Amino acid sequence: MSLSGASRVAGVIGRPIIHSMSPILHNAWLAAAGIDGVYVPFSVESERFEAFALSLRGGSVAGLNVTLPFKGMALALADEASPRARMAEAANVLVFRPDGTILADNTDGLGLLGAFAEQTPDFDPKAGPVVILGAGGGARGAVAAFIEAGAPEVRIVNRTVERAQVIADALGAKAYAMTQAAAAFDGANAVVNATSAGLSGAGALDVPLTATPTTAIVMDMVYKPLLTPFLSQAQALGRRTVDGLAMLIGQAVPSFEAFYGQAPPASVDVRALALKALEL
Ligand code: NAP
């Protein structure tokens, strides 16, 4: 990497940040495109996040991707927010404009829909109900994305049903308790795991995927491991699946455009690089 006084700087902020794949993706794209730029990881204590982000006003850092646990705080501190960030109540992108203002955006929904488009190209979000498992930030963004994409019904299933109800009321979806998952799966076009269950070391999600139609597509936002117990169960039942790594790459593409002013080059296989980094 060759840097200069004119290098364009962007990065990712979260806590912890050490396992982030984003520096690998963005720096590979920068190198392949021959852009004089760099993408760096930032980690701050939660109580320092707001002061840190506000100190970047003015554009010496072009922008930040924002990950756990700062996505809500990132939206709150911005001067302007895109409709999709407001709908998701979370920002995974902050752009620091030269005039000192901060723009918040959310590209997770684009990443989610892009993952379906890439791995199950015949998937039509308008063709039937979509089920989202979970009621955290990722789930809310997914509900917003599918409503925007024209899903005729979005059903939210969560361990704590009250959290699902809050999102359902805000965005126009239906809430279900985990014990009602079979009813939520009835006639589903797609099922998305947006809980953190299935992460390496965490417990698996215990839901009756047998109640989904054989045509349902099953997606997991978790990508470590790439083949989660949830996706493995779906594949054993013959369901087609979409993985969380495709979503991660899908949200990074518009982030790169926002930070570096051009689309990332198609010539570099960032999925292969990420798989290598995940040691898969
Ligand atoms: P979050 O806000 O912490 O929400 C976690 C959700 O998981 C809650 O709904 C929680 O239920 C549920 N949950 C946790 N453990 C569970 C278990 N054992 N059984 C059932 N439900 C459980 O997290 P988030 O930001 O929404 O992220 C969710 C997952 O998506 C994370 O693994 C994250 O890494 C992933 N993600 C991936 C991408 C990507 O690009 N691939 C993007 C965004 C997020 P309660 O409400 O009952 O506590």
Side-chain angles (χ1 to χ4, degrees), residues 12 14-22 24-26 46 65-75 84-85 88-93 105-116 118-119 131-145 155-168 173 175-181 184 191-209 219-231 233 241-256 270-271 274-275 277-278:
V12 58
R15 190 167 182 86
I17 203 63
I18 192 164
H19 300 297
S20 175
M21 289 283 132
S22 296
I24 295 168
L25 307 180
H26 287 269
S46 290
N65 279 124
V66 182
T67 185
L68 289 176
F70 301 134
K71 290 183 180 186
M73 291 160 80
L75 179 70
R84 59 193 180 204
E89 284 194 341
N92 73 319
V93 174
D105 195 8
N106 191 315
T107 63
D108 280 339
L110 289 176
L112 176 65
L113 295 172
F116 275 84
E118 183 194 328
Q119 299 192 335
V131 181
I132 309 297
L133 303 170
R140 186 173 177 120
V143 173
R155 303 167 181 170
I156 310 166
V157 180
N158 197 44
R159 188 173 59 179
T160 312
V161 70
E162 294 79 10
R163 292 186 76 196
Q165 193 64 57
V166 169
I167 301 176
Y176 295 75
M178 275 291 172
T179 50
Q180 301 167 308
V191 177
V192 174
N193 177 31
T195 75
S196 37
L199 271 173
S200 304
L205 199 58
D206 183 22
V207 287
L209 280 178
M219 193 270 177
D220 200 334
M221 286 195 189
V222 173
Y223 56 85
K224 193 172 185 176
L226 189 65
L227 184 62
T228 60
F230 182 67
L231 291 186
Q233 187 193 347
T241 59
V242 174
D243 65 57
L245 185 56
M247 175 177 173
L248 180 81
I249 295 169
Q251 63 76 35
V253 170
S255 303
F256 186 93
V270 287
R271 185 176 170 90
L275 288 173
L278 286 167

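Note that ligands are numbered from 1 as they come in the structure, with each ligand's atoms numbered from 1 the same way. All values derive from a computational prediction rather than experimental measurement.
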TODO: Out of R159, H19, M247, M178, indicate the one that has the non-hydrogen atom closest to atom 10 (C) of ligand 1.
DONE: R159
- [ ] Provide the number and element of each atom of ligand 1 under 4.0 Å from a heavy atom of A135.
- [x] 9 (O)
Open item on the list: Quick one: does any side-chain atom of N106 pair with a main-chain N or O of R84 as donor and acceptor, under 3.5 Å?
Closed with: no
- [ ] Indicate, as side chain, backbone, both or neither, the part of T160 found under 4.0 angstrom from ligand 1 when only non-hydrogen atoms are considered.
- [x] both
TODO: Report yes or no: does A194 have a heavy atom closer than 4.0 Å to ligand 1?
DONE: yes
Task: R163-ligand 1 polar pair, N/O distance under 3.5 Å - done: yes
Task: Minimum non-hydrogen distance to atom 30 (O) of ligand 1, winning option of K224, M221, M219 - done: M221
Open item on the list: Between N65 and S22, do the side chains contain a donor N or O and an acceptor N or O under 3.5 Å apart?
Closed with: no
- [ ] Please could you name the atoms of ligand 1 that G138 approaches to less than 4.0 Å, counting only its heavy atoms?
- [x] 24 (P), 25 (O), 26 (O)
- [ ] State whether K71 and D108 are salt-bridged, where the test is any N-O pair (Lys NZ or Arg NE/NH1/NH2 against Asp/Glu carboxylate O) under 4.0 Å.
- [x] yes
- [ ] Counting heavy atoms only, name the option from I132, T107, N158 that's nearest to atom 9 (O) of ligand 1.
- [x] N158
Task: Sidechain-backbone polar pair: Q180 side chain, A177 backbone, donor-acceptor under 3.5 Å - done: yes
Open item on the list: Using a plain distance cutoff, I'd like to know if Q251 has any nitrogen or oxygen under 3.5 Å from a nitrogen or oxygen of ligand 1.
Closed with: no
Open item on the list: Under a 3.5 Å cutoff, is there a donor and acceptor pairing between the side chains of T107 and N92?
Closed with: yes
- [ ] Using distance alone, determine whether S196 and ligand 1 share an N or O pair under 3.5 Å.
- [x] yes
- [ ] Mind checking whether T195 contacts ligand 1 via backbone (N, CA, C, O), side chain (CB onward), both or neither, at a 4.0 Å heavy-atom cut-off?
- [x] both
Open item on the list: Just to be sure I read this right, does ligand 1 sit under 4.0 Å from the backbone of L245, its side chain, both, or neither, counting only heavy atoms?
Closed with: neither
- [ ] Consider every N or O of G137 and every N or O of ligand 1, then say whether any pair is closer than 3.5 Å.
- [x] yes
Task: Which of the ligand 1 atoms, numbered from 1, are nearer than 4.0 Å to a heavy atom of Y223 - done: 41 (N)
Task: Q233 side chain to V207 backbone, donor-acceptor under 3.5 Å - done: yes
Task: Given T195, D220, T241, the one that forms side chain to side chain contact (heavy atoms under 4.5 Å, CB included) with F230 - done: D220
Open item on the list: Checking the side chain of Q251 only, and the main-chain atoms of G109 only, is there a donor and an acceptor separated by less than 3.5 Å?
Closed with: no
Task: Student check: side-chain heavy atoms of T67 and R15 closer than 4.5 Å - done: no
Task: Contacting atoms of ligand 1, where contact means under 4.0 angstrom from a heavy atom of L205 - done: 19 (N), 20 (C)
Open item on the list: Test your reading of the structure: does V222 have an N or O sitting under 3.5 Å from an N or O of ligand 1?
Closed with: no
- [ ] Check D243 against A115 and note the closest heavy-atom contact, atom names and distance.
- [x] O-CB, 4.4 Å
TODO: Could you tell me whether the side chain of N158 and the main chain of V161 form a donor-acceptor pair under 3.5 Å?
DONE: no
Open item on the list: Just to be sure I read this right, does ligand 1 sit under 4.0 Å from the backbone of L68, its side chain, both, or neither, counting only heavy atoms?
Closed with: side chain
Open item on the list: Could you tell me, atom by atom, which parts of ligand 1 come under 4.0 Å of a heavy atom of G134?
Closed with: 9 (O)
